[in-house]
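Read the numbers this way: they start at 1 and go in the same order the structure lists the ligands and their atoms. No hydrogens, no waters, no symmetry mates; every other heavy atom, side chains included, goes into these values.
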Amino acid sequence: MTIGIILAAGSGIRFGTDIPKQFVKINNRRILDFSVHTFDSNPLIDEVIIVVNRNWGNIISKEYSNFKIVSGGETRKDSSFAGLITCNSGTNKVLIHDSARPFVDHSIIENCIKALDNNSAVTTAIPVNDTIIQIQDDNIIEMPNRSILRAEQTPQGFDYQTIMKAHKQFRGDATDDIRLVMELGITPKFITGSPKNFKITTLEDLNRAKLILGKKN
Ligand code: C5P
């Protein structure tokens with residue numbers, strides 16, 4: 001079985017709205033609805049689990065009565081683990097996706113799942129257009145060659161047993177799940193994502209999403 005876990009338990013409120021960004025509505029649809037719908041309509045995904053914070057559990061459970069809704073945790077890692085432990089025993093592949101990336105598409109999902117035939121961990125990533133510099137205080141201390149850099153996106157896909165083991169062994173916090181399997185000594189694969197699969201973080205990102213969806217404000 002292949003499970004999609006949509007992480008929507010963050011409390012990020014950076015738009016001056018009073019609700020977390022993934023629950024903001026564009027054209028009367030919550031931001032999380034776009035990725036939930038794409039995963040749910042993909043024939044390679046058997047079940048979608050939505051992870052939300054406790055305050056939103058009742059509302060989202062009502063709106064998504066056919067889905068498994070799980071309470072997330074303090075950190076992204078806690079939330080992905082909360083989703084992982086509710087996967088049923090027949091799960092062999094799992095894709096973990098940020099609900100704040102509404103424009104994930106079917107080809108990204110399918111490429112991730114296919115990559116898991118021969119790899120136990122895969123992330124989505126895109127080339128970087130800017131030159132990236134490493135800094136310390138006011139100084140540049142490293143300028144990595146841009147051609148070997150990528151910006152990570154989600155979904156991130158895993159062999160289920162591998163990601164469970166990684167979560168159980170890892171101590172500390174991590175901004176994503178790939179970090180956890182790397183600590184096991186695994187070299188994850190990457191597949192190419194899309195600039196459209198950006199994460200909504202700022203008001204500018206929200207406005208970009210509205211433009212893509214044909215809404216002016
Ligand atoms: O904060 P950031 O944008 O990096 O979060 C990435 C994703 O992880 C978001 O979709 C957010 O809702 C989710 N998240 C979560 N539980 C947390 C923190 C973040 O599900 N405690």
Problem set entry | Cationic N near anionic O, under 4.0 Å, R101 to D98 | yes
For this session: Salt-bridge test for K77 and D176: reply yes if a basic N is under 4.0 Å from a carboxylate O, no otherwise.
Result: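 Not counted as a salt bridge, because no side-chain N and carboxylate O are separated by less than 4.0 Å.
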Enumerated ligand 1 atoms positioned under 4.0 Å from heavy atoms of [X]:
X   : answer
E74 : 21 (N)
K21 : 3 (O)
D98 : 6 (C), 7 (C), 8 (O), 10 (O)
S79 : 15 (C), 16 (N), 17 (C), 20 (O), 21 (N)

Exercise. Hey, does T75 sit under 4.0 Å from ligand 1 if you only count heavy atoms?
Worked result: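 Yes, T75 has a heavy atom closer than 4.0 Å to ligand 1.
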Exercise. Do any heavy atoms of G72 fall under 4.0 Å from ligand 1?
Worked result: no
For this session: For a side chain to side chain contact (heavy atoms under 4.5 Å, CB included) with L206, tell me which candidate from K210, E204, R208 qualifies.
Result: K210
Exercise. Is the closest side-chain heavy-atom distance between C112 and T124 below 4.5 Å?
Worked result: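 Yes - at least one pair of side-chain heavy atoms lies under 4.5 Å apart.
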For this session: With the side chain counted from C-beta on, respond yes when K21 and T201 share a heavy-atom pair under 4.5 Å apart, and no when they do not.
Result: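 Touching, per the 4.5 Å side-chain cut-off.
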Exercise. N/O to N/O below 3.5 Å, does that happen between V51 and ligand 1?
Worked result: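 Such a contact does not occur with ligand 1.
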Exercise. Do T75 and D78 have side-chain atoms, one donor and one acceptor, less than 3.5 Å apart?
Worked result: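 Judged by distance alone, the side chains do pair up.
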